[in-house]
Amino acid sequence: MAIHYRCRHCNVNMGTLEAESVDTSRLGIHLLTDEDRVEMVNYSEDGHVHIKSICEDCYESLSKNPDFYENDYLIH
C-alpha cells in the first residue's frame, strides 16, 4: 500500500509513503470534514491512498495572491 500526495492546484507529485498499513488518524484524515475528505482523499482499487494537498510553490502563490483561490488550477 502506498500513500501518494499530489498538489491539488498544479498536480505536482509531492511524495509517496510506502507502508504495509496506515492508521488514517496518524495522517490527520479524521480531522477533515466529510466534504473535504471526499474532495481530497481517494482510494484506488489496488489499495493505494491518493491525497490532494498543496505544494510550497502554490501555497506561496496563493499567500501573495489570494484572488488565485478562485482558480481550480495554477500554473507556475
Side-chain angles (χ1 to χ4, degrees):
M1 171 183 157
I3 303 164
H4 303 279
Y5 288 88
R6 288 190 103 39
C7 180
R8 66 186 194 174
H9 296 287
C10 68
N11 206 34
V12 69
N13 181 9
M14 296 169 50
T16 299
L17 300 173
E18 297 288 340
E20 290 294 320
S21 66
V22 175
D23 179 6
T24 56
S25 66
R26 293 192 68 203
L27 298 175
I29 293 173
H30 68 290
L31 299 173
L32 298 172
T33 64
D34 290 340
E35 184 178 288
D36 286 341
R37 193 175 302 116
V38 167
E39 181 181 327
M40 298 172 67
V41 182
N42 295 302
Y43 301 90
S44 61
E45 291 179 13
D46 55 1
H48 299 300
V49 180
H50 300 269
I51 298 177
K52 294 179 186 173
S53 188
I54 184 170
C55 70
E56 291 180 27
D57 291 334
C58 288
Y59 178 79
E60 184 177 332
S61 294
L62 289 164
S63 295
K64 292 179 181 176
N65 304 288
D67 55 314
F68 285 177
Y69 277 103
E70 297 173 7
N71 303 324
D72 291 331
Y73 187 81
L74 300 177
I75 300 174
H76 301 294

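One is the number of the first residue; the rest follow in order along the sequence. On a predicted model such as this, the values are computed, not experimentally measured, just so you know.
Counting heavy atoms from C-beta outward, Lys52 and Glu39 have side chains that stay 4.5 Å or more apart.
Judged purely by atom type and a 3.5 angstrom limit, Arg8 has no side-chain atom pairing as donor or acceptor with the backbone of Ile54.
Applying the salt bridge (charged side-chain N to carboxylate O under 4.0 Å, His left out) criterion to Asp46, with sequence neighbours excluded, gives no partner residue. When the side chain to side chain donor-acceptor pair (under 3.5 Å) test is applied to Asn42, no partner is found at least two apart in sequence or on another chain. By the side chain to side chain donor-acceptor pair (under 3.5 Å) test, Glu60 is found to be paired with Lys64, residues two or more places apart in sequence or in another chain being considered. Judged as a side chain to side chain donor-acceptor pair (under 3.5 Å), and not counting sequence neighbours, the contacts of Asp34 are Arg37. Applying the side-chain contact (heavy atoms from CB on, under 4.5 Å) rule to Met1 yields the partners Ile3, Val22, Val49; only residues at least two apart in sequence or on another chain are considered.
One finds the CD1 atom of Ile51 at 10.0 Å from the CE atom of Met14 (value rounded to the nearest 0.5 Å).
Taking each heavy atom of Cys55 and Cys10 in turn, the nearest pair found is SG-SG, 3.8 Å.
Listed by first and then second residue, the ring-ring contact (aromatic ring centres under 6.0 Å, His included) pairs involving residues 22-48 are His4-His48 (not counting sequence neighbours).
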